[in-house]
Every structure is written in C-alpha cells, then in structure tokens.
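The structure under discussion appears below in the form of structure tokens.
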Amino acid sequence: MSLLSLRNVTAFYGPAQALFDVSLDVAQGEVVALMGRNGMGKTTTVKAICRMLPARGALTFDGQDLTRLPSHRAARLGIGLVPEGRRCFANLTVTENLIAAARPGPWDMDTVTALFPRLAERRTQTAGTLSGGEQQMVAIGRALMTNPRLLILDEATEGLAPLIRDEIWQAIARIKTETGTAILVIDKSPAELARVADRAVILARGETVWTGAMDALTPEVSARFIGL
Amino acid sequence: DGHGGVKVGMITTLSGGGAGLGIDVRDGFLLAVAQSGRDDIEVVVEDDQRKPDVAVQLADKMIRAEKVDVMTGIIFSNLAMAVVPSATAQGKIYLSPNAGPSALAGRGCHENYFNVAWQNDNLHEAAGAYANTAGYANSFILAPNYPAGQDALTGYKRMFEGDLAGEVFTDLGQTDYAAEIAQIRASGADSVFFFLPGGMGISFLKQYADSGVDIPVVGPAFSFDQGILQAVGEAAVGVVNTSQWSKDLDNPTNAAFVESFQAEYGRLPSLYASQGFDTANLLISALETAGPDDLEAFRAALKAADFDSTRGDFAFGSNQHPIQDIYAREVIVEDGVFTNKVIGLALEDHGDVYAAECRL
Amino acid sequence: MTDPVLRTRGLHKSFGALVATDDVTLDVRAGEIHAVIGPNGAGKSTLIAQICGTLAPDRGTVTLDGEDVTALPARDRARKGLARTFQVSALAMEDTVLQNAVLGALGARGRPWSFLRAATRDRNLRDTAEAALHRVGLIDHAATHAAELSHGQRRQLEVAIALTLAPKVFLMDEPMAGLGADGSKQMTSFLDGLRTEAPILLVEHDMDAVFALADRISVLVSGRVIATGTTAEIRSNRDVRTAYLGEDA
Amino acid sequence: MIRETWLNAATLTLLVAVPAWALVVDEPFTITLATRAVIFAIAAVGLNIALGLGGLVSLGHAAFFGIGGYAMGILAHHAQTYVPLEIGPLTLAGTKSMPVIWLTAMVTSGLAALLIGMLSLRTAGVYFIMITLAFGQMFYFFAISWPAYGGEDGLSIYVRNGFPGLNTLVPIQFYGLCLGVLLLVLGGMFLLARSPFGLALNAARQAPGRVETVGLNGQRVKLVAFVISGVITGLAGALFADLNRFVAPTMFSWQMSGELIIFIILGGTARLFGPVIGACVFVLLEHLLGGLSEFWLVYLGALLLIVVLFARGGIVGLLSGRRAVHD
Amino acid sequence: MSAILIIEQVLNGLQFGVMLFLMAAGLTLIFGVMGLINLAHGSLYMVGAFAAAAVAGVTGSFVLALAAAMGAAAIAGVLVETLVIRRLYRADHLDQVLATFALILIFSEGTRWAFGSFPLFLDTPSWASGPVTLPGGIEYPKYRLMLIGVGLAVAAGLGLLITRTRIGIQIRAGENDREMIAALGVDISRLYTLVFALGAALAGLAGALVGAIQSVQVGMGEPVLILAFVVIVIGGIGSIKGALIGAILVGLTDTLGGIFLPEVFKLFMAPAGATATGSALASMAIYILMGAVLIWRPTGLFGARP
Ligand SMILES: Nc1ncnc2c1ncn2[C@@H]1O[C@H](COP(=O)(O)OP(=O)(O)OP(=O)(O)O)[C@@H](O)[C@H]1O
Ligand SMILES: Nc1ncnc2c1ncn2[C@@H]1O[C@H](COP(=O)(O)OP(=O)(O)OP(=O)(O)O)[C@@H](O)[C@H]1O
Ligand SMILES: [Mg+2]
Ligand SMILES: [Mg+2]
C-alpha cells in the first residue's frame, strides 16, 4: 500500500482553479519525481498535500484522510516540507530555525550539521542575513529535523552551488536507502532526478499526464511534457 | 400657569470617562422637573462624549432643529467655552449646572448666561480661606497644567495668606504621583492643597496615604464627592474639602431632595445632582412669572432667583453668577459608606472677583 | 582594448569577524558577459550589493565608465547606468506589467514630479516600456497584474525593467533560478543577444548557462577572487574544481 | 470596476441630494451634519494620499488638522479682537477672509508636514506609526498648556469667516463651499494616483528597493506625498474650525488621528471614494446611534467589528464586490 | 534641592519605569513578539482591574482579587482571539486597528453598563501598605517595592519564555511565517490563543496591581495603551530587554522631567512662566524622547535592524 496517495485531486486559488485532476502515489521508501513545466501545478500539488490550500478529491497519507486535517496535523503524521522559495524564519537564528519544529528521531542537530557543515559555522546568525544557498540548507535541515516519513522537496537545490547540489543528491540517495524515508521531489534538473528517483509523475495544466518508472521516461515523453 | 411651555436642550457628558457627572446633573434636573408636576417642560438630552466639537454640533442641532428655548447641562469648562458664547449670542438662555470658566464671568459675561453652580475659582478660594482659619502658614499646592488647574491655584492663592512651600503643575491625566509626593515630603509644608479632578485625585489620595506623609490636605469638593469617594476609600477619611453643598446641609429643601433622589435612583445624590436639581428649580421658578417668549421678563425672573435651593441662600451677583455660602466638609464614614460632614463655613455670601469686569 | 565599463578595486566588506568581500578587484568590459561563480556564501550577492550601492564597502572603489561612483547612493548609480535584477523578484505586485515597466522608463527619465497626466498615457514613457516588454516577450501580458505572473514571467519582467533603463552595465543575480529547463534555454539565448547592447556581470549557479554564455569567469571563494579566466581555463582549474564545481563537472 | 464607479456616482448624488432635500424641508441641522461629514472626508482623503497610496500610516495627522484649525482660530481671533498678531519683529493683522486663512492653514501645515515627514521617514512600519503619533502628541500637549489661545478651553470665534461672493452663515452655502473643496481634492487625488508621481509613490510602497534601483528617490517621493497629504488635512482643519466657529486642542488628539484612519479603513483603503464613504457612514452612525441609548458606543463598536470581519476592503470593497487592491 | 531628594526621585523614576513595564508586559508579548496590533489591550487591563475590584469587594482578599483579574482578562483574551483576532492574522495591520478599536468601544461601554459610571474601590492590601525605610533614610511605600519585584520577575520570566524556550521560538517563527510553521507540524493557532491569553492575563494582572494605587474606572486603559506602545517602540519591537529598558527610560524621563524642567527654566525665566513652560515641556518629554530615539535608531534601541 502506498504511503501517500492522491486521486483526482482538484484545488483552487480563490476563484481560479489550479489543479484539475492530479493523481499520484508515493510508497514507503520510494523516491518519486514530480515534473512539469513552470506553472503547471507542482507547487500547488505540494500545497494541497500539506493542507496549505483546500483541495477536493481523495488525499490519504498512511491510510488517513488528509482533507479533514489542518496543516499541522498533516505534518505530524510525518510529512516534512522543504517549500519553494525556502521560507526560512528570517528573524530566527539558524539554530532556532532548525529546532523550532524538531521532533525526535535520527535527524538531530548533529546529523544535520554533519550534512551541512556550513550551518554549524553560521549557527547564531539570523536566517534573514544568510546567503541564498545557506538559507536553502536551513530549509532542508529544518524539514529533516522533523524526522518525517515522507520528505517533500520543492526545488530544494535552487540556488545551490554544483558541489553542494551533488551532496544533496547523495544525501537524498542515502536517506532513501538508509532510513527508508519516502521522498517526493521537484527539481528542474532531469538528469539529477533520473539518478535518484524510482518513478516520475508529470503534470501539465494541473493534470497528471504521465506516470511511470523513471527509466520509462523516454526523450519523447520529456520533449512533450517538460520541454527537453 | 399661563406662560406657556418651554423646551430645554440639555447637552451633557453621558458616555466615556466623565459620564458619572453628566448622568448626575441630568438625573437631578429631571427629578426637579418631575416633582414640579409641570408637563409643559420638555427636556431634550444629548451626549457630548466630552468632545468640544460634538458639543458644538449638538448645540447647533438644539437651536436649529429642536428649536429649544433654554440650554443647559455642560459639565466641562472647555465644552462650555465652545458652546455658550454662540448660544447666548443667538438669543438662547443658557443655565450652567456645573462649569463656570472665568472668561464667562468677567468681560465675556452675557445677559443670557446664568451660572447656577459656581465660578470656577470659588471652591479653591474657599479652600484658601479655610487654610487661614485652620492656621496653616506654608502650603504646597498642585494642579494639572490646563486652564482650570491654573485657575485653581490662582483661586487658592487669592485667599490664602500664608507662604507657598511649592507650586507644581502636573500632567493632565497623570496617574502616578510618587515624584510630587516626594517633593511634598521634602518641602517642609504644613498643608497641601490640590485640585485633581476625577481619577487623578483618586490616584493622588491613595498614593499619598500609602506614602506615610501625614501633612494635612485640603481641596475642592470634586475629589470628595459622593460618587467618587467610595473609590478613594479609607485614604480620604479626615480630609477637609470645600463645597457649596453637602448632603447634610440643614434645610428642608435639601432634606427632601436627598430623600427623593435616593428613592428615585437608589443612590445618594452628589454635588452634581444637587446642581442639576437647583438649575431646574431656578428655571421652574422663573416660568412662574414669565416665559421665554418674553425674553426680557424671563431674564429678570431668572435673575431674581426666587427658588428654594438645596444649598440654602442663593442669589445672583451682577454677572449672574452665584453669591452663596461655601462650606468646609470633612470626609467621614457613616454606616460603612464614605461621605461628608459639614464642619464649618469657609466663605460667607461669596461672589467672584470677575464680576467687577462684567458690564451687565 | 577599450577601458572597462565597470571596475572594482580592492573592495572589502566584513560582517563582524566574517570577511564577506576580500579585496575584490575585477572588471567588466564592453560587449562581454563576465560571470561570477563561487560556493554558497562566497560573497557574490554581497559583491553585487556593493557595486550597485545598496551596501557600503569598508574600503575599495567602484568605477563606472571611468568615474568613481563609490560615494554615490544606489539610485544615482542607477541613473548613471547600472541596472540590476534581483535574486528574489522585487516588483510592484499590485501594479500591471505595463506599470512596472513604465516605472523603469520613469526612472530613466529621472523626474517623477509630474502630478496630472496619467503615467501610462505619456507617449515617451509608454513607448519605452512597451519596447522593453516586447523584447522579453511579455507584451501580451501588459495588462496583467504582476502578482498573477508565473515565476518565469516575473523574471522576464525584471529584465524588461532593466532594459527600459538603457544601462551601461547589467548586474544580474541568478536570473536562471527557478526557471524550468525550457525557460532557462530561452533566458540563455536572450542574454546572449543582450551583451552587444551592454555588458553583463552575471552571478549564476547554473553551470550550463554560465559555460554557454560567459566570455570570462571569475571564481569567488570566501570573499576572495581565486581565479579569473576564460571558460576553458576555469573548467580545468584544479582549485575551482575542488572548491566549487566538483570533480565530475 | 464598473460597480465601484456606480457606487462613487451614487455617493456624489447623495452628497448633493440630501442637503438639497434638507434645504427644502427646512432641516438645517442635516446640512450641518453633512458639512461635518464632508470636512472629515476632505481630511481623510488627504490622509489617504499618504496612507493609501504611499503606505505611510500616520497616526499624527491630527497635528495638521489642528494646525489648520488654529490657523483659522488665531487669525480670526486677532481680527475679532483688533489686536495685531506679533511674530518676532513681524506684525500681522488678523483676518476673517477664508481664502487668506486657507492659504495660511495650508502653508503652515505643509511646513509642519515637511519637518515631521523628514524626521519620521527615517523609520518605517509600526515605528512610523508611533513616531508620527509622538509628533501629534507634542502638538497636543503644547496646545493644552499654551495659555495665549485658550489652552485646553480652546478658542471661540463669534461669526463664521467670509468667502467672497458667499454668505457663509447660511448653512447650505457653507456646505456648498466645503463640497466644492472636496470635489477639487478628489479630482486631484484621481489624477495624482495615475500620474507618474502616483506610480512612483505606489511602487515605493510595494517595492521600495525596486524604486531605488531604477534611479528614483523613493524617500523624497514619499516625503512630497506626506506634505501634500498634510496640506489637504490642514485645509480640512481650517474648514472644521470654521464649521464649529471654535478650535480646541482635541483637534490635535490621537483619537482624532485615529478617527481619520478609521474613516479610511471603514470606507476602503486606497479607494478614491473610500474615505468619503467612511466619513459619511461614521458621522451618520454617530448621529443615529447617539440618541438610542447611553451605551450607544457598544452598537457602534459592534457595527465596525462586523465591517472588518465580513467586509474585507471596507464598505466600498463590500458593495463593489471587488477585493481590496492590496491586502 | 537636596541630594537625598534627587536620589529619591531617581528611585521614583525607576519604580515608575518598572511599573510601566508591568503595564506593557502583556503588550510586549502580543504586539512585540506576535506582531499583532491590539488596541484593545488597554481594555484587558481595565477588565483585570474591574474584576479585581469586584472580587476584592466581595471576598476582601487581595490575592483572590489578583487571581480573578488574571482569570477574567485571560478569558476575555481567549474570546477576543478566537472570535476576532484569529480571522485577522492574514489581514492587513490596518484591519486589526479597526477591529480592536471597535473592541475598545464595546469593552469600555460594556464595563460601564455592568459597573456604572463611577470609579470603583480597590486598595492595597493591609500587609503591603504603608512605607518602609530604606537605607539612607528614604521612606518608600512597601507596595511599590512589591510592584518593582513583580515587574522584574515578569520581565525575567518573559525573557526566558521568548528567547530560551521552544514555545518562544515557535511564537517568533509564527510571526515570521504562520503558514510555514504550521506546515512543519506546530499547532500555531492554539499556541497563539494561549499566548494571547497569557498576554491578556498579564494585562489583567497589571490592571489590578496598578489599579490598587490608581483609580479603577472606565477608560483607564487608554492612556496606558499609548504609554505601553511608546515603551515597546523605544525598546525595539520584539525585544523584552528593550521593553524593560524603554520602560525605565520613559519612567525616568517622565518623573525627572516633571521635577527638574520647571527648575531649569527658573534659572532664566520668571517663576510663573518657568513653571508653566517647564511643565508643558515635561508633558511632552516622553514623546520627545521617543521621537529622538527613533530618529537616532529607526527601529528602536534593541529592535531588529532591517
Ligand atoms: N497564489 C496564487 N494565486 C493565484 N494563482 C496562483 C497562485 N500561485 C500559483 N498560481 C497559479 O497556479 C498555477 C500553478 O502554479 P504552481 O506554483 O503550482 O506551478 P509550479 O508547477 O510549481 O511552477 P514553477 O515550476 O514555476 O514553480 C500557475 O498557473 C499559477 O499562475
Ligand atoms: N548582514 C549580514 N550580516 C552577517 N553576515 C552576512 C550578512 N549578509 C551576508 N552575510 C554573510 O556573508 C556571506 C556572503 O553572503 P552572500 O549573500 O554574498 O553569498 P552568495 O555568494 O551570494 O551566496 P549564494 O550563492 O548562496 O547566494 C554569507 O556567509 C552570509 O551569511
Ligand atoms: Mg513551483
Ligand atoms: Mg547570493
């Protein structure tokens, strides 16, 4: 049984419909890539999952109906979010950002700073003054520290230097193999996604248009839905 | 009888901080009207929210829309200054049940303006006079820094013959008096005079009592009136204050007033209630002889002040402000209620100094 | 070779104990795209901020077209021809795309003290703005409110506003960030054409774009320029590979 | 959009029709009430240039309202007592002419706005709210304790000042004058909001960094807006004093500043007619509820609460069915 | 003026400052930390004072009165938060201003309706009234010393809560980005309700404690409200330390200004004019202080620099 499951989900921004028919599944320990051009509804799907946007349709996590839960209850079921645009708590220090919502588990201050040594150096700096990439590390660390069962990464490597990006991809691969955490990942680099993801889901205009194993993602499909 | 009805416009403070005073004036006034048994006196009451511009608007409404003949009700001097000059200029009679700013008593006096309470300086002057008789020789005096406060200190100094150990203006609305109390303690004064109306006086007295300074205090009645006294509590007991009226003044009108007010409203009347009551009775007495349709005669009837006031003898001076006795009262506890007892006369048949400037 | 259009000399900035910019000397020559790359927190954005004047350096100078502008506030530098785009879009979100572009044109004119005629009816302002929108491909969205634009469109609008200023140098902080694969491609070809108009100082982590566009690359590490050179030189530089690119780049 | 235009037209019609009706049925107080609403509307439209367009939430605009009021009070006082006004070596005669008084009110409140604005614009957000409050309070306490012009008692003027060609003592004529000023101010606001200056001001509110990077001086744009705003509010102050034939320090109080802000929010921030509708509705409520009971302010509070909770974008937002331009 | 009087006045200024902090403490939490403009804070202060006066009148116990003050204000706070404020977190600050202004009207007149127009009686308890003699022969009211103690304890407690505890971190995170902290699994709505209730309870406590030496009347909260905002802004929004220091600065300025400015003016003016001018300036002193601080440091003494 899949950990996260969306069936025919629709969602609106006020009067404007943004999701028309999204279906996707993420199983325990699986990495799923959510792909699509700019503005096709990837972030909106994430918001629907995290209950930041009201949505209709079947949305379950670990068998529980998400549509009835407020945002924090959904998160407490074990969903960890690295949001688009980082959204660090600007006036809090790096440490405070990390521990604000931490829950016990293998990810703690030590393991996160081992992953991003840069954060240990900037521990007492307020997040608002960090460089763009440093903020991105905070956002990832913050989500990890909630020790989620499903980690959602929305453009988590945006603005990161190639070296760090590599490290993040390696970390994702490690998380997948070592902890069995499921991962839903959105990223603009198909090559990187291809290395870590098991399966891919492609959105176009708010609809799921393609689902399949990563190696079934042929250049034709890519060209048609992603523009490559 | 024959002199037709009268329409009275009452603008007074019924909401917000100063509401207690306005409510008492209104209730006293309406009580007298009711007791007179006359159904040809119509009273229109409006709330000025203690805002001068609102009071001005209401006066306009009373005059233009309600077409009243007589106006009354204003509690605060600054509102009176905003309303009275133009109302009297438009030929309306104004009977002041409380405020008596000096500007309206001296050069700014008007034949249509009658003050039925006091000129603002009066109670302070009485306090100064009382301080002399009590043998005080060195007073520390304080009041808020605004016209009424400045008038208060002037009034006290006018009568007080001793020296001043200190003279301080506090902020309007100030709530903490530790600094002033320390100054009093250090000043070597043998008496303290203060004029701090409303909550300011409550704060001052409580803090003064708590400070351990035991120099005797005198002040005008405003901080020791029935309504406010319960909030000051023990701290006020024994303080001498000056007033033209007291619940225990021994005259039949007053006894009847106190009893009927209590019966009607279930509380003891205050100074303001007595002023409202007297104002109405003045009006009623004048209506016996003339109505506002004959302004000349009506003014004369008012000026005669031929009514039984709750404070005993009452007459108007040349500027149509009261000439009356002002008493010294002491705060006591009576059946568990804080109240005042008259202990003597501070000033007899007292008028005001501004009358000389009034060309009426 | 002509004089460089933009040049920094010994720029230095520290935040407490942290040296964010350490004696940075570099220049941008006419017709070139000069890329600045480096690890996160190396000081690239801080450098841009000092060049455009929103952050005062501790010491060092910035020269534009031979003129020392170090003491000038940001807006005067903008008037003299420094146009920047933001790493995070900074647009008047309630205004339309056209109004945002007109604001740029107004900036180029320099005087906002006109109180009566509608700004979008002013021929000159409107022409400049529309020309810029046309070039970035946003002209069809002129009446759309900026808040309703997608991420990529906002980046295009950023560039359009810079275009209305007809600057001497463009300063661009991560223009590809958040763009999808096709969006990046479009942006890359657009910037490629732009360099003939005015040179570009480009900060970017997208190495495909950098290697495709840059005439020269400077590598910043811990606030210090560790190498400057052509694409090929930088690609093969050992230090750069270990500090930034990784071995398999 | 269309509905908002209709709403504005309806408001204008009412502003003409109601006093006209009052004139016919001889209800002069209704005219006075309408005049009060119109003057408040002028002050609030003035504030809205700073607050709505420039995002400068000034809790000290009563300072300008009061300065305008005292400009009228002092000049008329000197005229009515025939004592010339001496400022240092300068000796000026008082005046009872509205145009002169208006000019004085606008110049003095403009100068005050320039000074206050220069100092206050160093701050932003809540700090700006509070520093403008501080300046307002300084004027308030000064006026209370300054004995020359009546201190807390204020200053009464016996006869309303004159305007060439009008008998201002006739309520409808004075009303017409005030309405004329309001229309002028609204027209100015309409043009200003669309002008290059308005564009820059609007952008300076939304994205201050952006304005600087296109080479414009956003702070100066805001300062000019603040001064224009102060000038208009000052003019309204002079009219208000003339309406009451009276000025008092309460015109400087923070409650006054607060009320101006309330008018704007109640009507709809950054809407052309928001402050007008807000002021009219507030004055009307005050009048209608005032007679209901001693505790009428409770009803007023409840009504205001309902508006904020259920009508985002104020009354204009509610009635025109469009959400607030900014949130 | 004797040295001992000067020392005593400085002490009065400090004391007044701590009292101001006590009055501002709840607001520091609600406005300073949570970033909510709550004009009705003064009403919560008033609710506390009235509840205390009512309970003290019936039971005669000051401690019970304090408990009642905190309880009543906290309940009022929870009601206000859940019924009104909660809908306005996302809204413009200006909507909060209008809504809480409306609440002031409702609270004030509602209280007047329930308790009448005259001030109520609330006095210091007998065990804390009267003066004590401090070293140096200064006589000082016992109750005020107690107020200083409570004020400092509240300051320390709040400081720890906000900077040291996870709840404090979460509150501040919520002020930055409510949606995000919720998406990380923190029940920010409940947390905010609790914090709001705590802020309200502190306001109620201050109302009762300070009400005992001032007057308990309708409208007592409004001057306090303005003062409390001044204090927080001078200190820098969000900083507890700043609020305490701001309060003490305001206390000293107000007390010493009132005493010394008239004296200073007497040096070169006629006494009557000097007293009037000095007093006039003294009443403006705290606003001049706030203006000067903000011109010098646009985000207050300890506020976050932009
Ligand atoms: N706050 C909003 N209000 C209205 N419409 C929105 C809002 N946010 C996004 N949209 C619209 O919803 C659609 C989907 O946007 P979404 O952010 O989910 O795209 P995305 O796939 O994440 O794109 P990108 O790769 O650019 O991040 C877009 O058309 C966008 O314009
Ligand atoms: N105001 C500040 N106070 C303290 N440190 C700061 C401040 N601003 C920036 N820094 C630090 O200076 C360093 C350089 O930051 P900068 O934003 O210039 O990096 P960058 O090279 O642009 O990085 P990225 O590629 O991640 O955007 C970072 O370590 C950052 O944390
Ligand atoms: Mg997205
Ligand atoms: Mg950067």
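Quick caveat: nothing in here was measured; it's all calculated off a predicted structure. Letters go in sequence order (proteins before strands), and every chain restarts at 1.
Proximity to chain E is absent for every atom of D:Leu303, based on heavy atoms less than 4.5 angstrom apart. For E:Phe107, no part lies near chain D; criterion is any non-hydrogen pair under 4.5 Å. Contacts between E:Ile232 and chain D at a heavy-atom distance below 4.5 Å are absent for every atom of the residue. In this structure, chain E has no heavy atom under 4.5 Å from any part of D:Trp296. Using a 4.5 Å cut-off between heavy atoms, E:Ile288 contacts chain D through both its backbone and its side chain. In this structure, chain E has a heavy atom under 4.5 Å from the side chain of D:Leu309, while its backbone stays farther away. For E:Val230, the parts lying near chain D are the backbone and the side chain together; criterion is any non-hydrogen pair under 4.5 Å. For chain D, the nearby parts of E:Phe229 are the backbone and the side chain; heavy atoms of each come within less than 4.5 Å. At a 4.5 Å heavy-atom cutoff, D:Phe263 makes no contact with chain E through either its backbone or its side chain.
Taking chain D as the reference chain and counting heavy-atom pairs below 4.5 Å, the highest number among E:Thr100, E:Val233, E:Ile286 is found for E:Val233. Put simply, of E:Ile226, E:Leu289, E:Leu39, the one with the most heavy-atom pairs under 4.5 Å next to chain D is E:Ile226. The most heavy-atom pairs under 4.5 Å with chain E, out of D:Val126, D:Val57, D:Leu300, come from D:Val126.
For D:Phe142 and D:Phe252, the distance between ring centers is not under 6.0 angstrom.
Remark: E:Glu263 engages E:Lys266 in a salt bridge, criterion side-chain N to carboxylate O under 4.0 Å.
Taking the six-membered ring for Trp and thresholds of 30 and 60 degrees, E:Tyr287 and D:Phe141 have nearly parallel ring planes, at less than 30 degrees apart. The aromatic rings of E:Phe265 and E:Phe268 lie tilted to each other, with the angle between the two planes from 30° to 60°. Ring orientation note: the planes of E:Trp113 and D:Phe295 are nearly perpendicular, at an angle over 60° on the 30°/60° scale.
A 4.5 Å side-chain heavy-atom check between D:Met189 and D:Leu272 finds at least one atom pair inside the cut-off. Residues D:Phe65 and D:Phe40 meet the side-chain proximity criterion, which asks for heavy atoms closer than 4.5 Å.
At distances below 3.5 Å, at least one donor-acceptor pair connects side-chain atoms of E:Gln96 with backbone N or O atoms of E:Ile37.
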